[in-house]
There are 2 protein chains.
Amino acid sequence: MPSETSFGWQDARDEALRRIRARDWPPGELIPNEADLAAEWGCARATVNRALRDLAEAGLLERRRKGGTRVVLTPLRKATLEIPVIRQEVVARGATHGYALIDRAPGPGPAEVCRRMGLAAGTGLLRVRALHLSDGAPHVYEDRWLNPAAVPAVLDLDLARVDANSWLVQNVAFTRGDLALGAVAADAAIADALRCAPGSAVFAMERITWTADQAITLVTQHYAPGYRMKTSF
Amino acid sequence: MPSETSFGWQDARDEALRRIRARDWPPGELIPNEADLAAEWGCARATVNRALRDLAEAGLLERRRKGGTRVVLTPLRKATLEIPVIRQEVVARGATHGYALIDRAPGPGPAEVCRRMGLAAGTGLLRVRALHLSDGAPHVYEDRWLNPAAVPAVLDLDLARVDANSWLVQNVAFTRGDLALGAVAADAAIADALRCAPGSAVFAMERITWTADQAITLVTQHYAPGYRMKTSF
DNA sequence: CAGTGGTCTAGACCACGGT
DNA sequence: CCGTGGTCTAGACCACTGT
């Protein structure tokens with residue numbers, strides 16, 4: 001007789017996925033409600049809920065109270081990018097990580113930087129430029145603006161010995177961030193730091209991190225030519 | 001008297017988050033088990049479970065059976081990238097989307113392409129190069145390899161009228177993909193298509209999409225200079 | 001072995017939002 | 001109004017794994 005283990009939420013998710021892919025539940029169409037599926041699959045409604053919620057988070061279903069659940073027309077794919085802490089990323093690859101402070105300069109921030117950070121123009125900031133090395137070779141050139149109003153301790157930090165990236169991650173609790181990825185041509189400073197030709201195509205990642213209301217830092221990290229950021233979806 | 005509504009899973013998550021940020025639960029330390037927290041917060045264990053599972057998925061907690069739950073040392077931040085369907089992305093910005101087929105050529109795939117797609121060297125593929133326009137201006141130059149063995153219908157597709165991107169999304173059920181982001185210097189073909197200077201720094205996104213076992217397509221999309229891909233975390 | 005998280009259940013109440 | 005998903009509960013069994 002059926003000594004099957006129970007129909008778990010992953011089974012429910014897989015079966016729903018199968019029906020979506022098989023066009024058994026066509027794009028844009030309503031699917032049966034949770035109670036009916038629970039009855040059909042011989043499990044509790046909570047189990048169906050967990051499964052369908054998972055698919056909804058993955059972007060395959062749209063769920064609305066009273067409106068029911070329907071298959072999304074064009075499944076928008078989402079990929080999860082892990083934002084690397086450079087040092088960890090390098091070490092994880094089995095390479096040795098090096099760090100060199102290039103420049104540290106307190107002073108008023110440029111208007112554009114202050115605006116992006118939600119600060120009054122001319123607010124006093126700390127600019128830090130540094131280079132990360134991987135097995136001795138230039139890996140990432142980092143141009144950072146720090147907001148001392150949000151993190152006073154950075155003014156006393158020995159940035160020649162500790163990289164801001166690692167220190168912030170372990171000592172400042174930020175709540176959210178904005179991220180932008182792009183490509184830029186290496187200017188003199190970048191080319192000099194990364195030891196590449198001026199004008200080289202460089203992958204750049206810009207981040208602004210915030211506490212509840214204050215910007216902590218705006219940083220742009222320029223990766224040595226050829227770098228590729230990889231993930232799956 | 002306490003007419004408070006019940007202590008829901010989001011309340012539990014917020015309180016746990018507060019304790020983590022306040023170093024009330026220090027990095028690396030074990031936190032109380034679910035049963036204890038449920039008792040303390042006056043809710044069911046399932047509610048605590050939902051809250052802590054959420055924080056674990058966010059990368060703030062590590063949970064192991066019997067091992068308990070501990071605060072992650074260096075909260076690895078994750079950002080979710082939405083992989084754009086170019087046409088939709090353009091239209092969503094309120095711009096008009098244009099599409100032009102540049103080249104369509106069946107033939108054996110280069111060794112490197114076949115290798116990346118997990119195919120035997122020299123497998124017959126279909127190469128399609130196309131340009132997406134935003135309000136008439138070059139936006140994305142797309143260089144694509146399609147595997148007819150996985151999607152025979154592409155051979156009969158009128159790629160001059162339909163862009164492969166949109167068609168695939170709506171007609172092929174893929175299961176997973178690999179993604180790589182980087183910067184490249186525009187070669188002649190790219191510069192010509194995007195109407196930029198050769199050597200310009202161009203943001204490139206490469207994707208390989210798979211069904212259960214077969215590669216469907218390998219595509220590299222080159223964005224016009226200045227493009228930034230944005231998200232939050 | 002024993003403690004912890006992972007999951008399922010049956011039932012209940014509620015919030016939202018089409019009709 | 002009333003159907004649907006969102007969530008909570010109390011209890012139970014199980015899977016994994018540290019000790």
Side-chain angles (χ1 to χ4, degrees), chain A residues 1-17 19-20 25-73 75, chain B residues 1-17 19-20 24-73 75-76:
Chain A
M1 296 308 295
S3 64
E4 304 263 340
T5 57
S6 74
F7 193 81
W9 73 269
Q10 302 207 21
D11 300 314
R13 179 187 43 117
D14 292 346
E15 173 59 13
L17 200 49
R19 295 186 183 187
I20 292 169
W25 291 340
E29 287 300 295
L30 276 177
I31 72 173
N33 69 33
E34 293 186 348
D36 290 348
L37 288 173
E40 178 187 343
W41 290 336
C43 65
R45 184 167 78 91
T47 301
V48 175
N49 181 277
R50 173 90 189 258
L52 299 187
R53 179 159 36 88
D54 193 69
L55 291 175
E57 281 168 10
L60 291 169
L61 294 176
E62 263 181 355
R63 322 196 70 198
R64 286 156 64 180
R65 281 164 156 144
K66 167 67 182 177
T69 300
R70 60 180 67 243
V71 180
V72 147
L73 279 309
Chain B
M1 296 310 295
S3 63
E4 304 261 341
T5 56
S6 74
F7 193 82
W9 74 268
Q10 303 208 24
D11 299 313
R13 186 201 42 175
D14 292 346
E15 172 59 13
L17 200 49
R19 294 187 184 187
I20 293 169
D24 212 358
W25 291 341
E29 287 300 296
L30 275 177
I31 73 173
N33 68 34
E34 294 186 346
D36 289 348
L37 288 173
E40 178 186 344
W41 290 335
C43 64
R45 182 167 77 93
T47 301
V48 175
N49 180 277
R50 172 91 191 258
L52 299 188
R53 179 161 33 90
D54 194 71
L55 291 175
E57 281 168 9
L60 291 168
L61 294 176
E62 261 181 355
R63 322 198 69 199
R64 287 157 63 177
R65 283 166 159 148
K66 166 67 181 177
T69 300
R70 59 181 68 243
V71 180
V72 148
L73 280 308
L76 166 57

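Here is how names work: the chains are called A, B, and so on, in the same order as the sequence lines, proteins then strands, and each is numbered from 1.
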Any A:Val71 side-chain heavy atom under 4.5 Å of A:Pro26 side chain: no

Rounded distance (nearest 0.5 Å) linking atom CG of B:Leu60 with atom CG of B:Leu52: 11.0 Å

Pairwise distance CD1(B:Ile31) to CD(B:Glu62) - rounded to 0.5 angstrom: 12.0 Å

Residue mapping more 5' on DNA chain C - nearest nucleotide basis, A:Gln10 or B:Gly68: B:Gly68

Range on DNA chain D touched by chain B - first to last nucleotide, heavy-atom distance under 4.0 Å: D:dT7 to D:dG18

Atom CZ of B:Arg64: over 12 foreign heavy atoms under 6.0 Å: no

Heavy-atom side-chain proximity of A:Ile20 to A:Leu61 below 4.5 angstrom: yes

Sub-4.5 Å side-chain heavy-atom contact between A:Pro32 and A:Trp25: yes

Distance (rounded to the nearest 0.5 Å) between A:Gln10 CD and A:Asp54 CG: 8.0 Å

Rounded distance (Å) that lies between atom C1' of C:dG5 and atom CD1 of B:Ile31: 11 Å

Contact summary for B:Gly8 and B:Thr47, nearest pair of heavy atoms: C-CG2, 3.7 Å

What's touching nucleotides 15-19 of chain C from the protein side, N or O pairs under 3.5 Å?
unit_1	atom_1	unit_2	atom_2	d
C:dA15	N3	A:Arg65	NE	3.4
C:dG18	OP1	A:Arg64	NH2	2.8

Rounded distance [0.5 Å steps], CD in B:Glu40 versus CD in B:Glu15: 7.5 Å

Nearest-0.5 Å distance, CH2 of residue B:Trp41 to CG of residue B:Asp36: 11.0 Å

Sub-4.0 Å heavy-atom contacts from residues 39-58 of chain A onto DNA chain D, ordered by number: A:Arg45, A:Asn49

